[in-house]
Amino acid sequence: MSEGAKKTLEDTTRYDPAEVEARVFREWEDSGAFTPEPIGEAANNFSIAVPPPNVTGVLHMGHALNGSIQDTLIRLNRMRGKPTRWIMGTDHAGIATQAQVEKELAGEGTSRREIGREAFVERVWAWRERHGSQIIEQFKRLGASADYSDERFTMDDAYARAVTKVFVELHARGHIYRDNYMVNWDPGLGSAISDLEVEQKSLTDTLYSIDYPLADGSGSITVATVRPETMLADTAVAVSPGDERYAALVGKEVVLPLVGRRLPVIADDHVDPEFGTGALKITPGHDPNDFEIGRKHGFEEISVIGEDGRMTDAAGEPYAGMEAEEACKAVVAALRDQGLISAEEPYKHDVPHSARSGRRVEPLISLQWFCDMSELAKPAMEVVRDGRVRFHPEKPWAKVYLDWLESIRPWCVSRQLWWGHQLPVWYCDACEETYVAEVAPERCGACNGELRREEDVLDTWFSSALWPFATLGWPADTPELKAWYPTDVLSTARDIIFLWVARMVMMGLEFTGEVPFTDVNIHSVIQAPDGRRMSKSLGTGIDPLEAIDEHGADAVRFGLLLMSSSQDVRYSDAKIQQGRDLTNKLWNASRLVLMNAQDAKAARSTKEVEDRWIATRLERSTIEVSERLAAYDFSGAVSEAYRFFWSELCDWYLEIVKPRLYDGEAEVAGHLVWLLERYLALAHPFMPFVTEEIWSYLPDRESGGPLISAPYPEPGSYEPDPLAEREVEDAIELTRRVRRWRDLAGVPVASVLHARPHGGAQPPPEFVARLARLDFGSPAGDAIAAIGPIELLSSDDIDPAQVGERIDARRDELRSEIKRGEGKLANEGFVAKAPPEVVEEERSKLEGYRAELAELE
RNA sequence: GGGCGCGUAGCUCAGUGGGAGAGCGCUCGCUUCACACGCGAGAGGUCGCAGGUUCGAAACCCGCCGCGCCCACCA
């Protein structure tokens with residue numbers, strides 16, 4: 001570092017992230033640490049494939065937390081010497097991106113249909129050129145040490161080839177097929193969506209009871225529905241097989257009102273005799289249950305609502321062409337005219353809605369491409385059961401994952417959109433032949449007719465499922481694939497375990513024969529401070545970039561990691577500030593050390609007991625941090641790092657050694673530099689900027705390079721000293737007790753009290769007197785209080801009345817402790833059954849209390 | 001309808017069988033030569049409620065109350 005920069009450290013009492021971050025980030029990039037060569041094999045290397053953010057996206061708290069987690073892991077492993085790569089990139093996000101560009105077109109007074117598919121797709125690419133790198137730049141603000149030199153995009157040519165190959169192969173293996181099947185139709189999108197993109201919303205509809213007259217004129221059957229307009233597509237009426245009320249009617253026919261079609265009355269287990277009238281109208285074309293029943297019985301599938309949301313010709317006059325809602329009113333009016341509506345009541349139930357557009361899902365039968373998942377799911381369950389893929393935390397997530405795979409259903413993979421991977425499928429209209437191929441066939445092989453390409457694109461999650469290997473050059477056998485696949489950790493929020501995680505495992509196993517990652521970290525969901533969901537539309541979102549501007553990236557990283565202790569946590573600015581305070585504490589503690597140890601060589605000292613104590617405490621903290629990180633407990637790790645630095649190193653060690661430091665003692669200076677070096681490295685993975693910046697000021701570092709590439713401190717490189725630990729901890733406790741006593745006895749802060757060892761005890765370490773403002777130099781006089789191994793002598797600065805109160809209070813305290821201890825030891829069960837060491841501890845505590853009380857009386 | 005999680009100090013959260021913890025906030029005292037984004041001291045909790053297991057329960061079991069999430073085709 002230059003002279004100028006050094007002045008900065010000495011002259012400023014505040015760490016200034018704004019001055020540091022951009023500069024340090026550039027140094028990291030220039031160092032090449034982000035861009036490892038693909039050497040060796042994945043088993044010995046470390047890699048993470050980022051959950052690719054939507055190319056349209058902006059960084060939100062979830063990204064910021066997950067970025068902090070991933071970067072912590074990446075930096076940790078890089079420092080541990082493994083070739084380490086964080087694969088960065090973006091997702092084309094079919095629906096979201098298409099919607100953005102459509103909005104832009106609308107602003108220009110045009111639409112995608114008006115400009116046509118080709119021009120539209122060009123527009124999306126242009127849009128992506130303009131906005132695509134925004135979120136990547138925002139990841140940089142966080143300090144994310146990813147490989148930006150080799151970003152991936154799910155629509156890039158190479159990636160698209162992988163997608164095509166997978167589709168074709170899955171088709172060849174019999175998993176992908178085309179079928180006329182009931183799908184979740186999103187009328188807002190004009191596309192089918194998958195089951196996972198449907199969310200239930202509770203709302204109140206009107207439940208209509210409609211009388212269907214029996215064909216023989218002998219009466220009627222009443223059915224109930226919330227969608228009267230779908231009756232136009234009814235093909236049967238079903239009752240429960242055991243329902244005596246209707247037993248005689250099964251096999252008869254009813255006449256469908258308004259239509260006149262004759263419908264059979266059938267018995268089917270699906271019908272709940274307890275619900276409504278116990279009779280169910282069967283509409284295979286517009287209800288998922290009825291669809292199943294219809295297929296079972298071989299009923300006709302009539303579609304009266306089309307993909308445009310309007311009634312089809314099959315609905316007949318006057319309904320054809322109406323919006324479904326309009327048709328609903330018309331049908332009800334007509335039925336009412338005929339006196340066939342026997343009841344109307346409000347009915348609250350769950351209704352499927354599109355998670356994409358928010359519109360009510362219209363179940364209808366459509367010709368779509370499906371992927372049967374049953375065979376793919378089996379190995380994906382196996383690898384979680386046998387531990388080849390581990391969830392963190394394991395507790396709910398492994399089971400959640402397995403339960404879903406256990407009952408997995410076919411996946412509708414085709415989407416009626418324009419932005420995405422167009423299906424590699426061609427049709428011959430002349431002879432109805434279908435071709436699924438990686439390379440476009442020129443003409444129909446059967447009749448030599450013209451071929452027409454399938455217009456649909458694939459579900460975005462289809463391409464996302466290939467992310468861990470398609471980003472590395474698969475299907476080619478590249479050095480990247482060898483070096484980085486399987487990846488190590490996949491970190492994400494719980495909401496995409498099914499959409500993404502499970503599908504990656506399935507596709508990874510199917511196409512590479514290996515798991516795509518060995519560990520899945522499911523991180524907390526950060527809620528708004530009031531407990532609501534953070535969302536732009538609710539106005540509850542908090543912008544991580546603003547937090548970074550205000551407090552610095554390290555503070556935000558620390559705060560988010562600290563917050564992320566359980567499944568759902570509330571965002572807390574106080575935690576970010578705690579991180580900010582820690583960066584500042586680091587900065588200032590470093591100033592103290594460096595301003596007084598500029599010529600020191602980093603060297604662990606064993607000279608004084610406090611030196612051995614703090615080294616031991618650092619070792620214990622290093623172990624704790626390592627263990628927490630290994631357990632994916634990032635909150636625990638940063639919390640421990642904070643505690644050690646603030647409460648032990650700064651609060652005690654620095655205060656204890658100040659005289660030695662000011663005195664120019666070489667051992668303590670070297671020890672401090674050593675401590676600082678080791679701690680900076682320990683904390684670097686989660687607070688990279690401030691630690692790197694301070695690192696640059698350290699004198700005579702062993703490692704000449706930047707901290708990002710320095711070795712991570714591992715436990716076990718030196719011996720802890722439990723005796724020193726015990727001795728200093730006792731002295732600290734004594735200091736605290738004296739301070740407390742002074743405060744409660746009304747002794748002015750500045751006054752020095754005389755004291756002497758008590759009861760034959762050794763005098764305490766020097767720092768006790770200094771930090772508790774005691775003087776052991778004139779040991780004569782009357783004792784006024786005994787505190788552990790010392791007693792305090794009378795002084796004019798002591799208020800006798802307050803001392804009296806203090807003693808009384810302490811006596812009460814001791815008596816109650818003694819009573820508690822005696823009670824416990826009098827309990828025969830306790831003495832007989834509790835572990836001996838617990839009983840022994842209880843006895844020695846009791847003894848101590850009795851002795852202290854005896855002195856006070 | 002099924003499954004899961006949570007309920008601990010005013011707030012946000014740790015703690016999973018042996019004497020209730022942290023950060024913030026609050027009170028009192030400190031312009032102590034690294035840091036007032038600081039230092040020292042302190043107050044504050046029947047650990048949601050009610051049972052049970054145990055020598056011993058915030059923790060384990062059962063029930064209840066409250067909050068939240070996920071899954072699910074009862075019209």
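Residue numbers begin at 1 in each chain, while the letters A, B, ... track the order of the sequences.
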Quiz item: Looking at A:E640 and A:R643, does any basic side-chain N land under 4.0 Å from a carboxylate oxygen?
Solution: yes
Practice problem: Please state the C1' separation for the pair B:C64 and B:G10 - nearest whole angstrom. | Solution: 28 Å
Quiz item: Who pairs with A:D269 by salt bridge (Lys or Arg N to Asp or Glu O under 4.0 Å), at least two apart in sequence or on another chain?
Solution: none
Quiz item: Among all residues two or more places apart in sequence or in another chain, which pass the salt bridge (Lys or Arg N to Asp or Glu O under 4.0 Å) test with A:D16?
Solution: none
Quiz item: Can a salt bridge be assigned to the pair A:R850 and A:E822 using a cut-off of 4.0 Å between side-chain N and carboxylate O?
Solution: yes
Practice problem: Report the residues that fulfil salt bridge (Lys or Arg N to Asp or Glu O under 4.0 Å) with A:K585, sequence neighbours left out, ordered by chain and then residue number. | Solution: none
Practice problem: Between B:G63 and B:G68, how far apart are the P atoms? Round to whole Å, please. | Solution: 22 Å
Self-check item: Span that lies between the P atom of B:A43 and that of B:C4, in whole angstrom
Solution: 43 Å
Quiz item: Does the A:N588 side chain pair with the main chain of A:T13, one donor and one acceptor, at a distance under 3.5 Å?
Solution: yes
Exercise. Report which part of the nucleic acid A:S635 touches: base, sugar-phosphate, or nothing (heavy-atom distance under 4.0 Å, all strands).
Key: nothing
Quiz item: Would you call A:R806 and A:D799 a salt bridge, taking side-chain N to carboxylate O under 4.0 Å as the test?
Solution: no
Quiz item: For A:P352, which contact category applies under a 4.0 Å heavy-atom criterion: base, sugar-phosphate, or nothing?
Solution: nothing
Quiz prompt | Taking every non-hydrogen atom, the tightest pair across A:V351 and A:L203 | solution = CG2-CD1, 3.6 Å
Quiz item: Under a 3.5 Å cut-off for both distances, is B:C26 Watson-Crick or wobble paired, and to whom?
Solution: B:G42
Practice problem: Round to the nearest Å and state the distance from A:I576 atom CD1 to B:C13 atom P. | Solution: 14 Å
Quiz item: Expressed in angstrom and rounded to an integer, what is the separation of A:F558 atom CZ from B:A22 atom C1'?
Solution: 11 Å
Quiz prompt | B:G66: pairing nucleotide in any strand, Watson-Crick or G-U under 3.5 angstrom | solution = B:C6
Quiz item: Rounding to the closest angstrom, what is the interatomic distance between B:C11 and B:U53 at atom C1'?
Solution: 35 Å
Quiz item: Considering only the C1' atoms, how many Å lie between B:A36 and B:A9, rounded to the nearest integer?
Solution: 26 Å
Exercise. With RNA chain B as reference, determine whether A:R628 or A:E828 sits nearer its 5' end, using the nearest nucleotide of each.
Key: A:R628
Quiz item: According to the side chain to side chain donor-acceptor pair (under 3.5 Å) rule, which pairs have a member within residues 732-744 of chain A, sequence neighbours left out?
Solution: none
Self-check item: Salt bridge flag under 4.0 Å for residues A:R810 and A:E852
Solution: yes
Quiz item: Using purine N1 to pyrimidine N3 plus N6-O4 or O6-N4 for Watson-Crick, or N1-O2 and O6-N3 for G-U wobble, each under 3.5 Å, what pairs with B:G1?
Solution: B:C71
Quiz item: Does A:D797 pair with A:R773 as a salt bridge, N-O distance under 4.0 Å?
Solution: no
Using nucleotides 25-27 of chain B, report all nitrogen or oxygen pairs with the protein that are shorter than 3.5 Å.
none

Atom pairs under 3.5 Å: protein N/O with N/O of nucleotides 71-75 of chain B:
residue	atom	partner	partner atom	Å
B:A72	N6	A:D350	OD2	3.1
B:C73	OP1	A:R409	NH1	3.3
B:C73	O2'	A:N289	OD1	3.2
B:C73	O2'	A:N289	ND2	2.4
B:C73	N1	A:N289	OD1	2.6
B:C73	O2	A:H270	NE2	3.2
B:C73	O2	A:N289	OD1	2.0
B:C74	O2	A:D272	OD2	3.1
B:C74	N3	A:D272	OD2	2.8
B:A75	OP2	A:Y347	OH	2.7
B:A75	O2'	A:A224	O	2.2
B:A75	N6	A:D272	O	2.7
B:A75	N6	A:F275	O	2.8
B:A75	N1	A:D272	N	3.4

Self-check item: Mate of B:C55 where both pairing distances stay under 3.5 Å, Watson-Crick or G-U
Solution: B:G18
Quiz prompt | Spacing of the C1' atoms in B:C55 and B:G48 (rounded, Å) | solution = 28 Å
Exercise. Enumerate the residue pairs fulfilling side chain to side chain donor-acceptor pair (under 3.5 Å) with a member in residues 226-237 of chain A, sequence neighbours excluded, ordered by first and then second residue.
Key: A:Y212-A:D234, A:R227-A:E229, A:R227-A:E362, A:T230-A:K281, A:D234-A:K281, A:D234-A:T283
Quiz item: Given atom CG of A:D633 and atom P of B:A14, what is their separation to the nearest angstrom?
Solution: 10 Å
Self-check item: Complement of B:U32, any strand, by Watson-Crick or G-U distances under 3.5 angstrom
Solution: none
Exercise. Identify which nucleotide among B:U12, B:C55, B:C13 has an atom closest to any side-chain atom of A:S565, counting heavy atoms from C-beta outward.
Key: B:C13
Under 3.5 Å, which protein N or O atoms sit close to an N or O of nucleotides 5-11 of chain B? Give each pair with its distance.
none

Quiz item: Considering only side-chain heavy atoms of A:K833, which listed nucleotide, B:A14, B:C70, B:C55, is closest?
Solution: B:C55
Exercise. Indicate the ring-plane relationship of A:H349 and A:Y347, choosing parallel, tilted or perpendicular according to the 30° and 60° boundaries.
Key: tilted
Practice problem: Would you kindly give the CD-to-P distance between A:E841 and B:G17, to the nearest whole Å? | Solution: 17 Å
Practice problem: If a protein heavy atom is under 4.0 Å from the base, mark B; if only from the sugar-phosphate, S; if neither, -; do that for nucleotides 34-44 of chain B going 5' to 3'. | Solution: BB-BSSSSS--
Quiz item: Hey, what's the ring geometry for A:W587 with A:Y15, parallel, tilted or perpendicular (30° and 60° as the breaks)?
Solution: tilted
Quiz item: When the distance from NZ of A:K395 to C1' of B:C4 is rounded to whole Å, what number comes out?
Solution: 14 Å
Quiz prompt | Rounded C1' spacing from B:C37 to B:C47 in Å | solution = 32 Å
Quiz item: With sequence neighbours left out, which residue pairs that include part of residues 282-294 of chain A fulfil the salt bridge (charged side-chain N to carboxylate O under 4.0 Å, His left out) condition?
Solution: none
Quiz prompt | Whole-angstrom distance between B:C35 and B:C30, as gauged at atom C1' | solution = 15 Å
Quiz prompt | Nucleotide opposite B:A50 in a Watson-Crick or G-U pair, distances under 3.5 Å | solution = none
Self-check item: Length of the CD1-P vector between A:I497 and B:C69, whole Å
Solution: 16 Å
Tabulate below the donor-acceptor pairs under 3.5 Å that side-chain atoms of residues 401-409 of chain A make, not counting sequence neighbours, or state none.
residue	atom	partner	partner atom	Å
A:Y401	OH	A:A380	O	2.8
A:D403	OD2	A:K399	NZ	2.9
A:E406	OE1	A:R385	NH2	3.3
A:S407	OG	A:D403	O	3.4
A:R409	NH2	A:D195	OD2	2.9

Quiz item: Can you tell me how far P of B:C67 sits from CZ of A:R533, to the nearest Å?
Solution: 18 Å
Exercise. Would you kindly give the CG-to-P distance between A:L561 and B:A14, to the nearest whole Å?
Key: 15 Å
Self-check item: Which residues share a salt bridge (Lys or Arg N to Asp or Glu O under 4.0 Å) with A:R815, sequence neighbours left out
Solution: A:D812, A:E857
Practice problem: Pick base, sugar-phosphate or nothing for A:V223, based on heavy-atom distances below 4.0 Å to the nucleic acid. | Solution: nothing
Exercise. Would you indicate what A:R820 reaches in the nucleic acid, counting non-hydrogen atoms under 4.0 angstrom: base, sugar-phosphate, or nothing?
Key: base
